[in-house]
**Q** 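Before I ask anything, let me first share the structure, which is written out below as structure tokens.
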Amino acid sequence: MLQDKIENAINKYENNGSRLEEEFVGSVNGRRYKELAYSFLHKDTLNFEGLSNDEKMEKTLQMRDRASESFQNIGDFKNNYINRRESMRLIEKCQVGNPERPNRFFSRKLYDSVKNRFSEKDFMLKFFTATGGTHLDVMHKIDCFFKLYIRETEAEVACATIDLTQNQNKTTADADILINITDEEKDSYDPSRSNDKFNAGELDLRISEITEQVVEALTEDYRQRNSK
């Protein structure tokens, strides 16, 4: 009985965290991510050379079925580990929408605020969500990240990672930036018409605070890359 209560409490907490992430930063195309991750992990065996079109189609469908079953729980991710760099590369290929126009209210305001700190003529900023069942989220504890590029060449020059949580006891993170959001804050940042607790002033202050952290992380990453 005690074990059941503990498991229920953990599930409740994890579900709340997932809802927070989904509402604030969105999620990836889950099916697309699984297919890309499965193909990356099994690239040595997914050889279509010499196959007929029908055989290629059959093998592709089999791959998709296996991919959809491959990442159902934490154990699946641990047993099929993908490093942080490759995880980010896969994430970028399965975004929903435009990385230069985030589709969630919170992430869009944060994106616009960070973007205004860099010359649009010289730089291009992109925002990527990692939530929705990905290695970057599950194994590397990163919910989203910003990348800064030279506009003329599209060369990546800096990255800043973010861990978003409702766990107020969490004080450290693997990501560059840890954002703790309480239930009360979550309500005050929600602009839905049915939400009478929305507080634009509080949201603007928090966005300004996080913007400074993101800009600092991007600047530090840029310096480290150019000091090598």
**Q** With distance as the sole test, does Asp76 use its side chain to make a donor-acceptor pair with the main-chain N or O of Asn73 at under 3.5 Å?
**A** yes
**Q** If you group Ile, Leu, Val, Met, Phe, Trp and Tyr by side-chain heavy-atom gaps below 4.5 Å, do Tyr81 and Val138 land in one group?
**A** yes
**Q** Can you establish whether the number of heavy atoms outside Tyr222 located under 6.0 Å from its atom OH is more than 12?
**A** no
**Q** What pairs with Arg66 under side-chain hydrogen bond (donor to acceptor under 3.5 Å, both in side chains), at least two apart in sequence or on another chain?
**A** none
**Q** Check whether any side-chain heavy atom of Glu220 sits under 4.5 Å from a side-chain heavy atom of Asp176, and report yes or no.
**A** no
**Q** OG1 of Thr165 to NZ of Lys141: how many Å apart, nearest 0.5 Å?
**A** 10.5 Å
**Q** Would you say the side chains of Asn195 and Ser192 form a donor-acceptor pair under 3.5 Å?
**A** no
**Q** Taking the side chain as C-beta and beyond, is there a heavy-atom pair between Phe118 and Val114 under 4.5 Å?
**A** yes
**Q** Find the distance between CD1 (Ile177) and CD1 (Ile162) and round it off to the nearest 0.5 Å.
**A** 4.5 Å
**Q** Looking at Asn103 and Gly26, would you say the former's side chain and the latter's main chain have a donor-acceptor pair under 3.5 Å?
**A** no
**Q** Quick check on the 6.0 Å ring-centre criterion: do Phe198 and Tyr189 meet it?
**A** no
**Q** Hey, are the side chains of Pro99 and Phe127 touching, using non-hydrogen atoms and a 4.5 Å cut-off?
**A** no
**Q** Would you sort out whether Met88 and Ile82 count as a side chain to side chain contact (heavy atoms under 4.5 Å, CB included), showing the intermediate values?
**A** CA-CA 10 Å; Met88 295 181 81; Ile82 299 177; over 6 Å; no
**Q** If you define the side chain from C-beta out and look only at heavy atoms, does anything of Asp190 sit under 4.5 Å from Phe106?
**A** no
**Q** Answer yes when Glu92 and Lys126 have at least one side-chain N-carboxylate O distance shorter than 4.0 Å, and no when they do not.
**A** no
**Q** Is the shortest side-chain heavy-atom distance between Leu178 and Lys170 below 4.5 Å?
**A** yes
**Q** Would you say Val25 and Arg104 make side-chain contact, with heavy atoms under 4.5 Å?
**A** no
**Q** For residues 212-219, which side-chain donor-acceptor pairs fall under 3.5 Å, sequence neighbours excluded?
**A**
residue: Glu212; atom: OE2; partner: Arg117; partner atom: NH1; Å: 2.6
residue: Thr219; atom: OG1; partner: Val215; partner atom: O; Å: 2.7

**Q** Please report the interatomic distance CD1(Ile181) to CG(Leu20), rounded to the nearest 0.5 Å.
**A** 5.0 Å
**Q** Under a 4.5 Å cut-off applied to non-hydrogen side-chain atoms, are Ile142 and Asp163 in contact?
**A** no
**Q** Check the pair Arg225 / Cys159 against side chain to side chain contact (heavy atoms under 4.5 Å, CB included), numbers first and verdict last.
**A** CA-CA 10 Å; Arg225 293 188 189 201; Cys159 177; 3.7 Å; yes
**Q** Might you point out which heavy atoms bring Glu100 and Leu125 nearest each other, and give the distance in Å?
**A** CG-O, 3.6 Å
**Q** Under 6.0 Å from the six-membered ring centre of Phe40 and within 45° of its axis: does the NZ or CZ of Lys43 meet both?
**A** yes
**Q** I'd like to check Glu156 versus Leu148 (side-chain heavy atoms, cut-off strictly below 4.5 Å). Are they in contact?
**A** no
**Q** Do side-chain atoms of Ser188 reach the backbone of Glu185 as a donor and acceptor pair under 3.5 angstrom?
**A** yes
**Q** To the closest 0.5 Å, what do you measure between CZ (Phe146) and OG1 (Thr161)?
**A** 11.5 Å
**Q** Might you point out which heavy atoms bring Thr211 and Ile207 nearest each other, and give the distance in Å?
**A** OG1-O, 2.7 Å
**Q** Taking all non-hydrogen atoms of both residues into account, name the closest pair between Glu120 and Arg151 and its distance.
**A** O-NE, 2.7 Å
**Q** So, Phe128 versus Phe145, ring centres under 6.0 angstrom or not?
**A** yes
**Q** Look only at the side chain of Ser87 and the backbone of Asn83, and say whether a donor-acceptor pair between them is shorter than 3.5 Å.
**A** yes
**Q** Less than 3.5 Å apart, any donor N or O on the side chain of Asp183 or Gln166 sitting next to an acceptor on the other?
**A** yes
**Q** Taking atom SG of Cys144 and atom CD1 of Ile91, what is their separation to the nearest 0.5 Å?
**A** 11.0 Å
**Q** Pair up each side-chain donor or acceptor in residues 31-38 with any protein partner under 3.5 Å, not counting sequence neighbours, and list the distances.
**A**
residue: Tyr33; atom: OH; partner: His135; partner atom: N; Å: 3.1
residue: Tyr33; atom: OH; partner: His135; partner atom: ND1; Å: 2.7
residue: Lys34; atom: NZ; partner: Ser68; partner atom: O; Å: 3.4

**Q** Val96, Phe24: one ILVMFWY side-chain cluster at the under-4.5 Å cut-off?
**A** no
**Q** Go through it in stages, so that I can follow the logic: the residues are Glu86 and Arg89, the test is salt bridge (Lys or Arg N to Asp or Glu O under 4.0 Å), and I'd like the CA-CA distance, side-chain angles, deciding distance and then a yes or no.
**A** CA-CA 5 Å; Glu86 288 296 335; Arg89 185 180 65 82; 2.6 Å; yes
**Q** For the pair Arg206 and Glu209, find out whether any cationic side-chain nitrogen is under 4.0 Å from an anionic carboxylate oxygen.
**A** yes
**Q** For Glu184 and Lys197: C-alpha separation, side-chain torsions, deciding distance, then whether side chain to side chain contact (heavy atoms under 4.5 Å, CB included) applies.
**A** CA-CA 9 Å; Glu184 292 76 15; Lys197 296 181 180 179; over 6 Å; no
**Q** For Gln168, does the CD atom sit with more than 12 other heavy atoms under 6.0 Å from it, leaving out its own atoms?
**A** yes
**Q** For the atom pair CG (Asp137) and OG (Ser27), what is the distance rounded to the nearest 0.5 Å?
**A** 10.5 Å
**Q** Start with the C-alpha distance between Val28 and Gln95, add both sets of side-chain angles, then the distance that settles side chain to side chain contact (heavy atoms under 4.5 Å, CB included), and finish with yes or no.
**A** CA-CA 5 Å; Val28 300; Gln95 293 297 295; 3.8 Å; yes
